[in-house]
Q: 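I have a structure here, written as structure tokens, and I will follow up with some questions on it.
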Amino acid sequence: QVQLVESGGGSVQAGGSLTLSCVTSEIIISTYCMGWFRQAPGKEPEGVATIQSGGSTTYADSVKGRFTVSNDDAKNIMYLQMSALKPEDSAMYYCAADFGIFAATSCSQSVITTFPSRGRGTQVTVFS
């Protein structure tokens with residue numbers, strides 16, 4: 001099973017920016033859906049953004065225009081660039097992945113929380 005490791009979290013003032021990284025343990029050669037979800041204490045996991053092997057991306061309404069997901073396939077790294085951060089963006093952020101044609105064609109932030117391959121998370125705290 002592909003291992004995923006997140007990094008880049010931290011504490012930032014509202015309005016600031018952070019870039020999260022997710023490194024995969026092996027080169028992904030199959031079709032895939034990868035992305036990010038977050039979970040704040042006492043809340044349900046929330047899908048944030050996805051990117052599929054064809055390059056299409058999806059975003060939760062709450063982050064559209066502020067977050068950008070991208071991949072560097074050659075380096076096995078997925079990024080989440082976050083800007084104009086708000087205190088409500090504070091959460092543990094996880095990267096997750098699923099593979100195969102079905103995963104790629106149904107790729108969206110609404111399913112990312114169900115993916116079997118996921119990292120341990122990186123904490124993002126936004127203070128006002």
Side-chain angles (χ1 to χ4, degrees):
Q1 189 174 7
V2 174
Q3 305 298 313
L4 307 173
V5 179
E6 306 93 338
S7 63
S11 295
V12 63
Q13 192 168 19
S17 301
L18 280 175
T19 297
L20 307 183
S21 299
C22 174
V23 178
T24 63
S25 59
E26 58 190 70
I27 296 173
I28 308 301
I29 59 174
S30 65
T31 52
Y32 62 80
C33 174
M34 296 182 67
W36 298 86
F37 68 94
R38 64 189 181 186
Q39 187 168 21
K43 294 189 176 180
E44 292 294 313
E46 176 191 18
V48 174
T50 64
I51 184 166
Q52 56 100 271
S53 42
S56 298
T57 57
T58 69
Y59 297 92
D61 288 342
S62 57
V63 306
K64 277 181 183 175
R66 301 188 298 120
F67 290 13
T68 302
V69 61
S70 62
N71 262 352
D72 184 337
D73 288 337
K75 296 182 180 179
N76 310 334
I77 302 176
M78 177 177 61
Y79 301 99
L80 184 68
Q81 296 174 278
M82 306 184 294
S83 61
L85 283 162
K86 305 174 182 179
E88 51 263 43
D89 293 319
S90 298
M92 186 71 81
Y93 282 71
Y94 300 87
C95 64
D98 200 7
F99 306 98
I101 293 293
F102 180 77
T105 55
S106 61
C107 192
S108 80
Q109 73 280 0
S110 64
V111 298
I112 192 76
T113 58
T114 68
F115 287 179
S117 297
R118 57 183 62 186
R120 294 187 174 185
T122 186
Q123 178 69 40
V124 171
T125 303
V126 184
F127 56 92
S128 56

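These figures come from a predicted structure and were not determined experimentally.
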Q: Decide whether Thr50 and Thr58 meet the rule of one side-chain donor and one side-chain acceptor closer than 3.5 Å.
A: yes

Q: If I compare all heavy atoms of Phe99 with all of Ser117, which pair ends up nearest, and what's the gap?
A: CE1-OG, 4.2 Å

Q: Before giving the answer on side-chain contact (heavy atoms from CB on, under 4.5 Å), spell out for Leu20 and Val124 the whole-Å C-alpha distance, their side-chain angles and the decisive distance to 0.1 Å.
A: CA-CA 9 Å; Leu20 307 183; Val124 171; 4.0 Å; yes

Q: I want to check something: taking the side chain as every heavy atom from C-beta on, are Asp98 and Pro116 in contact at a cut-off of under 4.5 Å?
A: yes

Q: Write down the atom of Arg118, the atom of Thr113, and the distance for their closest heavy-atom approach.
A: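 Closest heavy-atom pair between Arg118 and Thr113: NH2-O, 2.5 Å.
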
Q: When you measure from the side chain of Thr105 to the backbone of Ile101, do you find a donor-acceptor pair of N or O atoms at a distance under 3.5 Å?
A: yes

Q: Return the minimal non-hydrogen interatomic distance between Thr68 and Tyr59, and the atom names on each side.
A: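 For Thr68 and Tyr59, the tightest heavy-atom pair comes out as CA-OH, 3.4 Å.
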
Q: What is the distance from atom CD of Gln81 to atom OG1 of Thr19, rounded to the nearest 0.5 Å?
A: 5.0 Å

Q: Would you say Val12 ends up clustered with Met82 if hydrophobic residues are merged whenever their side chains have heavy atoms under 4.5 Å apart, either directly or through other cluster members?
A: yes

Q: Looking at Val126, is its backbone amide N or carbonyl O close enough to the side chain of Ser90 to form a donor-acceptor pair, meaning the two atoms are under 3.5 Å apart?
A: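 The answer is yes, because a donor-acceptor pair under 3.5 Å joins these two groups.
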
Q: Which label fits Tyr94 and Phe37: parallel for a plane angle under 30°, tilted from 30 to 60°, or perpendicular past 60°?
A: parallel

Q: Could you pull out the closest heavy-atom pair between Gly47 and Ala60, with the gap in Å?
A: O-CB, 3.4 Å

Q: If you group Ile, Leu, Val, Met, Phe, Trp and Tyr by side-chain heavy-atom gaps below 4.5 Å, do Ile112 and Met92 land in one group?
A: yes

Q: Looking at side-chain heavy atoms only, is the closest gap between Thr24 and Met34 below 4.5 Å?
A: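 The answer is yes, as the side chains (C-beta and beyond) meet within the 4.5 Å cut-off.
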
Q: From Asn71 CG over to Cys22 SG, what is the distance, rounded to the nearest 0.5 angstrom?
A: 9.0 Å

Q: Between Lys86 and Asp89, does at least one N-O distance fall below 4.0 Å, as a salt bridge requires?
A: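 Here Lys86 does not pair with Asp89 in a salt bridge, since their nearest N and O are not under 4.0 Å apart.
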
Q: Could you go through Thr31 and Phe102, starting from their C-alpha distance and side-chain angles, then the distance that decides it, and tell me whether this counts as side-chain contact (heavy atoms from CB on, under 4.5 Å)?
A: CA-CA 9 Å; Thr31 52; Phe102 180 77; over 6 Å; no

Q: Determine, stepwise, if the pair Val63 / Arg38 fulfils side-chain contact (heavy atoms from CB on, under 4.5 Å).
A: CA-CA 12 Å; Val63 306; Arg38 64 189 181 186; 4.0 Å; yes

Q: Do Ser62 and Glu46 get their side chains close enough for a donor-acceptor pair, meaning under 3.5 Å?
A: yes

Q: On a heavy-atom basis, which atom in Ala84 and which in Ser17 lie closest, and how many Å separate them?
A: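 In this case the closest contact between Ala84 and Ser17 is N-OG, 4.4 Å.
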
Q: Ignoring hydrogens and angles, tell me if any N or O in the side chain of Gln109 forms a donor-acceptor pair with the backbone of Ala49 under 3.5 Å.
A: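 Not confirmed, Gln109 side chain does not pair with Ala49 backbone.
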
Q: Hey, is the main chain of Tyr32 close enough, under 3.5 Å, to the side chain of Ser53 for a donor-acceptor pair?
A: yes

Q: Run Leu80 and Phe67 through side-chain contact (heavy atoms from CB on, under 4.5 Å) and show every step you take.
A: CA-CA 7 Å; Leu80 184 68; Phe67 290 13; 4.2 Å; yes

Q: Grouping I, L, V, M, F, W and Y whenever their side-chain heavy atoms are under 4.5 Å apart, do Val111 and Val48 come out in a common cluster?
A: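 In one cluster with Val111: Val48, no.
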
Q: Please say whether more than 12 non-hydrogen atoms of neighbouring residues, nucleotides or ligands are located less than 6.0 Å from CD in Glu88.
A: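 Result for CD/Glu88: enclosed.
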
Q: Is there a donor-acceptor contact under 3.5 Å from the side chain of Glu6 to the main chain of Arg120?
A: yes

Q: Do you reckon Tyr79 sits in the same ILVMFWY cluster as Tyr93, going by side-chain contacts under 4.5 Å, direct or chained?
A: no

Q: Ala96 and Phe115: which non-hydrogen atoms are nearest, and at how many Å?
A: CB-CB, 4.0 Å

Q: Is there a donor-acceptor pair under 3.5 Å between the side chain of Ser83 and the backbone N or O of Arg66?
A: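 Checked: pair present.
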
